[in-house]
Amino acid sequence: MSPEIVQAVIFYFLAAMLVVSCAIVVFSHSIVNACFALLFTLLAVAGFYALLGADFLAVTQVVVYVGGILVLLLFGILLTSPLPIVLGVATRRTYYLAVAAGAAVFAMLMIIVRAFWAGQPAVPEQQSTLEALGMLLLGKYLFPFEFASLTLLAALIGAAYLVRRNDR
Amino acid sequence: MNEFLIYSLITIAKIGVVFGLVIGSVPVVVLAERKLLGWMQVRPGPNRVGPWGLLQTLVDAAKVFFKENIIPDGVEPLTYRLAPILVITPVLISASVIPFGPPVTIAGREITLAIADFDLSLLFFFAVATLSVYGIVLAGWSSNNKWSLMGGLRSSAQMFSYEITLSLSIVGILLTSGTFRLTAIAAQQAGGFWHWNMFLQPLGFVLFLLAAIAEVNRTPFDLPEAESELTGGFHTEYSGMRFVMFYMSEYSSVFVMSSVIATLFLGGYNPPFPYTFGTSWFDGAIGLFWLLAKIGALVFFFIWLRGTLPRLRYDELMMLGWKILLPLAFLNLIVTAILVALNWPGWVLGLTGVAALIVTDLVVSQILWRRRRAAG
């Protein structure tokens, strides 16, 4: 038994989890089941990040997408619809469009990987990315970082203003 | 035997020990709660099975294995069955980052007394601990029962609101200690109780404690399972082992949350007097003893709160979370950041926190008193 074999086993486990849960997200007729399957999709992606040595990204993926956004999605669905939540069946045309869009994204990713990261090793040496990320975010990329957070804050205030009742 | 195999075996052994500790704590905490609540309410509590009723929870656990597992008509079968597992798994996983003692050397090999010890262990804890809300929401939804659904929805709204405070209140500690690694945070607090983060971050400690109680759904924040309003909340339709899983996850999350509070604010495995840990197994046991003592004190505090305070109303819960705790957490973060940047000594930080707590208490009680007087 060696670390490589264990890594391979984990990789294939995550890959299977990702593919199966993605299929459920796409093909399920119950929106809650789709949401629920999306949980496992996002967890599998976090697992891939961790496997590739991007520890901070992996944990942030879980905190933001799984712990925040998906709970909001579920909350919205449960709060707005009555219990037997069934989605309409997709038409043939949406299927074709979806397949085309998926193929386009796949092609784009392949081009990026082949063109820009051709010579680099798949897994960088294992070290924590926390310090380097912090230095970059609050040093070199301080302005984009702060700009993004200000934009998000403005969006938040705007949303809070929009949902306010006007009966006063 | 190669190095990797030995490492794997040690990790598996550690997983076994921590799993046993967390699950084994459940009957102890349940019994302690029943006995202490009995004592606080001037009644005997369980006193029939074994000496002083000490075997009561063991007998209850044995009984539960033979209970019928009912799946009501009209539930979503798959999610209904998965939900209890989804509630208890994150609790057990999040226990993996807690340092139960100082590093020890056994047979010439240094062993960390935490299953996983990596740079982001604190963030990992918060990431995983929030996952149990899925189990609760899905249990509430798949039960096809309006009370269950309302319990699930309350739970998710409460989790959102208090998670922000929970995460923000520890940023102060991150600033003063300069690390995300739980073992390092615990090790930094060695050398007597005056080195504990509780005195460096009094405001952060109180905020974290309150938000933690809300996160583990304990009274006075147990609205998701308010029995007088929701007939049990999200687990109304559950019975047998599935119900017990919810029950176990609730009590083991009390244990895990207490151990994290102890590690972050109460010195972790360090005794309250100056003591230099060696690397023998005995020193590891001393560390474990002190951590368990602190967890015991925190669990007692949780039970004490349950025996003292009534449940909050829903709007009160939201007001407390968003209008009082969250701004205070931001205030704590800003003040700590300024004082750390100016490099002022730790006692200034501690005194500022205590002053902020006193001012908040005065202001809030003043507002509540005025409101009550205005209402007549």
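Residue numbers begin at 1 in each chain, while the letters A, B, ... track the order of the sequences.
Looking at A:Leu39, only its side chain comes within 4.5 Å of chain B, counting heavy atoms on both sides. At a 4.5 Å heavy-atom cutoff, B:Tyr7 makes no contact with chain A through either its backbone or its side chain.
Looking only at side-chain heavy atoms (C-beta outward), A:Val59 and B:Phe126 stay at 4.5 Å or farther from each other. In this structure, the side chains of A:Leu43 and B:Leu131 come closer than 4.5 Å at one or more pairs of heavy atoms.
Between atom CG of residue B:Leu123 and atom CZ of residue A:Phe56 there is a gap of 6.0 Å, rounded to the nearest 0.5 Å. Taking CZ of A:Phe40 as the start and CG of B:Leu86 as the end, the distance is 5.0 Å to the nearest 0.5 Å. A distance of 11.5 Å separates CZ in B:Phe124 from CG in A:Asp55, rounded to the nearest 0.5 Å. How far CG of B:Leu120 is from OG1 of A:Thr60: 7.5 Å, rounded to the nearest 0.5 Å.
Residue A:Tyr65 places its OH atom among 12 or fewer non-hydrogen atoms of other residues, nucleotides or ligands, all under 6.0 Å distant. Within a 6.0 Å radius of CE in B:Met318, other residues, nucleotides and ligands contribute more than 12 heavy atoms.
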Quick one: do A:Val71 and B:Val137 satisfy side-chain contact (heavy atoms from CB on, under 4.5 Å)? Show the steps, please. CA-CA 9 Å; A:Val71 179; B:Val137 172; 5.6 Å; no
